[in-house]
Amino acid sequence: MASRSWGFVIAAAGLRWILSLMFAVPLLYGVWRMVLPATGVAERADHALHAAMGALMIATAWPWGMDLPALPQVVLFSVGGLWFLAAAPFRAGDRTRIRAVLAALPHGLMMGAMAWMVAAMASSGAMSGQSEAAGAQDMAGMDMSGGSGLAAMSLTGTGPRVVAVLLAVVLGVLVCPG
């Protein structure tokens, strides 16, 4: 059996609700900003992507979220990451184009991290038709275990752990500079 370090366990409905409420903040904010009359088309796309990320993060907190198809999510987050980076130079405003891209980098990287996470979970067999109730399966790089109402995910193997740590460090540096 694989090691359980770097694990993620949602064992209680209360924690699932807390996570759902936490991820509802970017979802609701994104929808609110998206529907404001003064919001431009490009900004609507930005806010729609943030709202989608919030909604899908809520889904990951619940067992039924593992039944959502992975491919559309990976495509959405990959295209979203590219959107933030590709659109930034054209919306620089009073910044240089390089500074605009640097400012968009956390958004693009977060979308890329979501695409990676969904792809990793899908390759484990834990998503797209296989729920916690059906029993999760082990794969190279991850341990997806279910049972007794627990949802557990652990990264195993050097590659996935290195990617997860690098993403966490880079996102931390980009989001919290200084």
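Basis for what follows: all heavy atoms, side chains included, without hydrogens, waters or symmetry-related copies. The model shown is predicted, which means the values in this text are computed figures rather than measured ones.
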If you compare all heavy atoms of [X] against all heavy atoms of [Y], which two are closest, and at what distance to 0.1 Å?
{"X": "Pro37", "Y": "Arg44", "answer": "O-NH2, 3.7 Å"}
{"X": "Met111", "Y": "His50", "answer": "CE-N, 4.2 Å"}
{"X": "Ala70", "Y": "Ala122", "answer": "CB-CB, 3.3 Å"}
{"X": "Trp62", "Y": "Ser20", "answer": "NE1-OG, 2.6 Å"}
{"X": "Thr39", "Y": "His47", "answer": "CG2-CD2, 4.3 Å"}
{"X": "Ala104", "Y": "Phe84", "answer": "CB-O, 3.4 Å"}

When rounded to the nearest 0.5 angstrom, what is the spacing between [atom1] in [X] and [atom2] in [Y]?
{"X": "Leu36", "Y": "Glu43", "atom1": "CG", "atom2": "CD", "value": "11.5 Å"}
{"X": "Met117", "Y": "Met110", "atom1": "CE", "atom2": "CE", "value": "13.5 Å"}
{"X": "Leu85", "Y": "Leu109", "atom1": "CG", "atom2": "CG", "value": "8.5 Å"}
{"X": "Leu71", "Y": "Leu76", "atom1": "CG", "atom2": "CG", "value": "11.0 Å"}
{"X": "Leu68", "Y": "Leu56", "atom1": "CG", "atom2": "CG", "value": "7.0 Å"}

Inset, instruction - Please lay out, stage by stage, how Leu102 and Ile98 fare under the test side chain to side chain contact (heavy atoms under 4.5 Å, CB included). - result: CA-CA 6 Å; Leu102 291 175; Ile98 292 173; 4.1 Å; yes

Inset, instruction - Before accepting this row, confirm whether a basic side-chain N of the pair Asp46/Arg91 lies closer than 4.0 Å to the acidic partner's carboxylate O. - result: yes

Legend entry - Shared hydrophobic cluster for Val75 and Leu82 (ILVMFWY, side-chain gaps under 4.5 Å): no

Inset, instruction - Decide whether Ile18 and Trp64 are clustered together by the hydrophobic rule: side chain heavy atoms of Ile, Leu, Val, Met, Phe, Trp, Tyr closer than 4.5 Å, transitively. - result: no

Inset, instruction - Give a yes or no on whether the backbone of Met57 and the side-chain of Thr60 come within a donor-acceptor separation of less than 3.5 Å. - result: yes

Legend entry - Minimum side-chain heavy-atom gap Arg95-Pro89 below 4.5 Å: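 Side-chain contact under 4.5 Å: no.
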
Under 3.5 Å donor-acceptor pairs involving side-chain atoms of residues 21-32, not counting sequence neighbours:
from  : atom 1 : to    : atom 2 : distance (Å)
Tyr29 : OH     : Arg33 : NH1    : 2.8

